[in-house]
Amino acid sequence: MTEQLPPTTVLGLGSMGSALAEALITAGHPTTVWNRSATRPEPRGSTRAATVPDAVAATDLVLICLLDHGSVRDVLGTAGPLNGKTIVNLTSCTPAQARDLAAWATERGAAYLDGGIMAVPPMIATPAAFILYSGSQAAFDQARPVLDRFGESHYLGTDPGSAALYDLSLLSGMYGLLAGILHAYAVVGSEGVAAVSFAPLLTRWLTTMVGFAASAAEQIDRGDYSVGVVSNLAMQSAGFPELLELAEHSGISPELIAPLGPLMARRVADGHGHEDLTGVIELLKKGADHE
Ligand SMILES: NC(=O)c1ccc[n+]([C@@H]2O[C@H](COP(=O)([O-])OP(=O)(O)OC[C@H]3O[C@@H](n4cnc5c(N)ncnc54)[C@H](OP(=O)(O)O)[C@@H]3O)[C@@H](O)[C@H]2O)c1
């Protein structure tokens, strides 16, 4: 007789919740699902619970993937007894919200694990997906055979806020990159260059320059921005206005990239022109003079 895989409940059948539930069903886990509105179809092979208490009572392990922190609090507030449950919240939230929810769940006798999904729904259960977890180590160890169905699991420690901190910081890096990509297409497009013809060069350039993440990290951890400088800040700051001039000349709003210019200029004015761009991070820290 084959051993039954851990049964799991998934609260939320939006794009991501459905992808998670489908990954579990495909792997053979008995899966109970619940969604606020009945209009979302349940994945084939799952058992639909009529109410949140029914869904939570069905299994010891409860995964939550709803819109935001407020919806998670609303739903869990109606869940009934949580004693002995393991709750894995895969809803995006801030570190403070994750810590708040962990305290709330722990007071009610549940083990709490927070998760940050670094994937879009079609990537779930493929090698491209990785998921950050933090909170109860026991909950992570117990849930791991289930969690590994979604992608590579990274446990960041017992602070329930860590996964959200890493998640939102990774998204911040992504949005900075995406903002630059949109600006580049807008500018080049203003002279009739098709985005598809520019894309290979943009991809090649960004793929090369993404190495900045690793080299900047070493300078930032040392707090020394003058080691290994090949493109000093004074030179970069002198050239940056050309980007803004081009945007203006092209009729393109510079608002996605403009904020970096004054920060570079201030850092140069403060006597750091011989250093790397990395030193601009000092101006972002609380207490730095934001004129
Ligand atoms: N999609 C992605 O690419 C992606 C990637 C990484 C992380 N995430 C995170 O995954 C979470 C879910 O995203 P998604 O793409 O699945 O969103 P979605 O498709 O918009 O689904 C939202 C889900 O939340 C439910 N919901 C919203 N407000 C609610 C409330 N007050 N009470 C109960 N249920 C409520 C919706 O129920 P109804 O059907 O009743 O409206 C639906 O099940 C988000 O936190 C998102 O940041 C998503």
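Order of appearance sets the numbers: ligands from 1, and atoms from 1 within every ligand.
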Between Leu182 and the options Leu177, Val187, Leu256, the side-chain contact (heavy atoms from CB on, under 4.5 Å) test singles out Leu256
Could you go through the salt bridge (Lys or Arg N to Asp or Glu O under 4.0 Å) check for Arg99 and Asp114 one step at a time? CA-CA 9 Å; Arg99 290 173 188 132; Asp114 203 79; over 6 Å; no
**Report entry** Test item: side-chain donor near acceptor, Asp159 and Ser134, under 3.5 Å
**Finding:** no
Are any protein N/O atoms closer than 3.5 Å to the N/O atoms of ligand 1? If there are, list each pair with names and the distance to one decimal place.
from     : atom 1 : to    : atom 2 : distance (Å)
ligand 1 : 16 (O) : Ser15 : N      : 3.1
ligand 1 : 16 (O) : Met16 : N      : 2.8
ligand 1 : 19 (O) : Ser15 : N      : 2.9
ligand 1 : 19 (O) : Ser15 : OG     : 3.3
ligand 1 : 24 (O) : Leu67 : N      : 3.1
ligand 1 : 31 (N) : Arg36 : NH1    : 3.4
ligand 1 : 39 (O) : Asn35 : ND2    : 2.9
ligand 1 : 39 (O) : Ser37 : OG     : 3.0
ligand 1 : 39 (O) : Arg40 : NE     : 2.6
ligand 1 : 39 (O) : Arg40 : NH2    : 3.4
ligand 1 : 40 (O) : Arg36 : NE     : 3.0
ligand 1 : 40 (O) : Ser37 : N      : 3.0
ligand 1 : 40 (O) : Ser37 : OG     : 2.7
ligand 1 : 41 (O) : Arg36 : NH2    : 2.9
ligand 1 : 43 (O) : Leu13 : N      : 3.4
ligand 1 : 43 (O) : Gly14 : N      : 3.3
ligand 1 : 43 (O) : Asn35 : OD1    : 2.7
ligand 1 : 45 (O) : Leu66 : O      : 3.1
ligand 1 : 45 (O) : Leu67 : O      : 3.1
ligand 1 : 45 (O) : Ser92 : N      : 2.9
ligand 1 : 47 (O) : Ser92 : OG     : 2.7

Per side-chain hydrogen bond (donor to acceptor under 3.5 Å, both in side chains), Tyr225 is matched among Glu275, Glu282, His272 by Glu282
Apart from Tyr133 itself, its cluster of hydrophobic side chains linked below 4.5 Å comprises Val10, Leu13, Met16, Leu20, Leu24, Val33, Leu61, Leu63, Val88, Leu90, Leu113, Ile117, Ile124, Ile131, Phe140, Val146, Leu147, Phe150, Tyr155
Rounded to the nearest 0.5 Å, the CZ atom of Arg108 sits from the NZ atom of Lys85 at a distance of 15.5 Å
